[in-house]
Amino acid sequence: MKTEITGKTLKALGFAEGKILGLALEILKNNFQDIEANEVQKLLKKVKNYPENFLDDEILSVLATAIIEEANPRSDGIIELIANAKTYTVFGEGYIEDGAKNQMNIAMKLPVTEAGALMPDAHQGYGLPIGGVLATRNAIIPYGVGVDIGCRMALSIFDIPEKYYFGKDAMYKRELIAHTKFGAGQNYSGNERADHDILDSDDFNATPFLKNLHGKAWAQLGTSGGGNHFVEWGIIDFAERDEILNIDKGRYVALLTHSGSRGFGATVAGQYTKIAKEICKLPKEAINLAYLDMNSAEGQEYWIAMNLAGDYASACHEVIHKKLTKAIGAKVLVKVENHHNFAWKETLNGEELIVHRKGATPAGKGVMGIIPGSMTAPGFLVRGKGETSSINSASHGAGRLMSRTKAIQSITKSDMKAILKDHNVTLIGAGLDEAPMAYKDINQVMAAQTELVDVIAKFEPKMVRMADDGSRED
DNA sequence: ATGTAC
């Protein structure tokens, strides 16, 4: 920290005297040495106001936990957790932090839980860990799906051999910039707005709450948002012909997108988590796993809203893919897409269950999926093997190695430039928190899930667009 | 991940 922040400054930020102020000062003593004091102040203010967003932060989680605990004193009428919970399978045991395992242990103790699994890219999240799969009996957990409902991958493989990509950087860059929009709160207005059948879905009329969100959904249709979302050109390599996809051995130009249901889904998630927490009182350690009975009005409303958010996320990808396919004048040979933040009704060992995948790729037998690496590491087109112990699931990426805060502190701009140059990747936007070094090694993660998926083809990013880091600043 | 409220 370039200037000292005192207890007085913290009090002005709203930190109450006592344990929390002490913890904050302790953290400041040992961290953020290279960061401007006003940046650190902004960060602390965020922790104070939105502590739930910092529960997986290596440095700030202690402070965030203390703030949440102080605001949520224990109350009565609480649903009891199960003492001897069922076990679950962990894939890639060695790569997974304790925080994620602890969260999964708690999720297994819910009275509605039937089975669980942890994917090799798992890390601590909010409620259910990212990379957590949970099968419940007739209950839906809004935070078992996550804030970005229907967050998904979409891949279009074009009839363009690799050799026609090179030398056309300017064209690919121009179209990528012209037809994508990034950053929290970003939208289109007037005639810029995209059209899609999803806008006519009768489900927008299911409740007044959903009806109110139609305008926002329309304006944000075809936008990508922020965080780890991206739109990228790359080369996909089929080492051999795939009969099922009917695609020959070779290297093709492809488009890969990662984004979700934008403000629409986030609003649905926030609303129904709040409702679930009011109805379903759980002990403090499980508070974010509040669930809705599928037979209740609220449960049914969430189910409709969640599915609409999933279809909306899919529509956003479709709009982006259509615009870019047209812009480069290509024909799509194969399209593959999959949600990785969602819940499905699936049959497991003869019983119909609600399978929540929060940052996990569906991997039922023969089911196609996409597991991205990072902006420089390869992604993989996979085919599920239908492994029951993973509840027909696989990882949804490499998983973070560093929290965003840690990445910003420890990775430099020149580190980032060097690794991009090394891999011959052009980057538009993105902050240091999305640097490849902030992610686990995708090859290790793939090696930990050979029982779960077969690799069909390998995707190498060539030109990546993400949100500018400025778009996340307050 | 989102975008409001501090």
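If you're wondering where the values come from, they're calculated on a predicted model, not measured in any experiment. Each chain gets a letter, A, B and so on, in the order its sequence line appears, and its residues count up from 1.
Phosphate proximity of B:dA1 to A:Asn228: present, with a side-chain N or O under 4.0 Å from OP1 or OP2. Checking the phosphate oxygens (OP1, OP2) of B:dG3, no side-chain nitrogen or oxygen of A:Gln186 falls inside 4.0 Å. The phosphate of B:dA1 has neither OP1 nor OP2 within less than 4.0 Å of any side-chain N or O from A:Arg262.
Rounded to whole angstrom, the span from the CD atom of A:Gln271 across to the P atom of B:dG3 amounts to 16 Å. In this structure, A:Asp433 places its CG atom 12 Å from C1' of B:dA1, rounding to the nearest Å. If you take CD1 of A:Ile67 and C1' of B:dC6, they are 14 Å apart, rounded to a whole angstrom. At whole-Å resolution of the value, NZ in A:Lys48 and C1' in B:dA5 are 12 Å apart. Atom P of nucleotide B:dC6 and atom CD of A:Gln41 are separated by 18 Å, given to the nearest angstrom. Between the C1' atom of B:dA5 and the NZ atom of A:Lys46 lies a distance of 13 Å, rounded to the nearest Å. The nearest whole Å value for the distance from the OH atom in A:Tyr272 to the P atom in B:dT2 is 21 Å. Taking atom NE2 on A:His229 and atom P on B:dG3, their separation rounds to 11 Å, with Å as the unit.
Aromatic ring centroids of A:His258 and A:His340 lie under 6.0 Å apart.
In this structure A:Gln300 satisfies the side-chain contact (heavy atoms from CB on, under 4.5 Å) test with no other residue, sequence neighbours excluded.
Listed candidates were B:dT2, B:dA1, B:dC6. Nearest to the side chain of A:Val147 is B:dA1.
Backbone-only engagement by A:Gly225 is indicated by non-hydrogen atom pairs under 4.0 Å involving sugar-phosphate atoms exclusively.
Using bins of under 30°, 30° to 60° and over 60° for the plane-to-plane angle, the ring pair A:Trp344/A:Phe342 lands in the perpendicular bin.
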For residues 127-135 of chain A, which side-chain N or O atoms pair as donor and acceptor with protein atoms under 3.5 Å away, sequence neighbours left out?
none

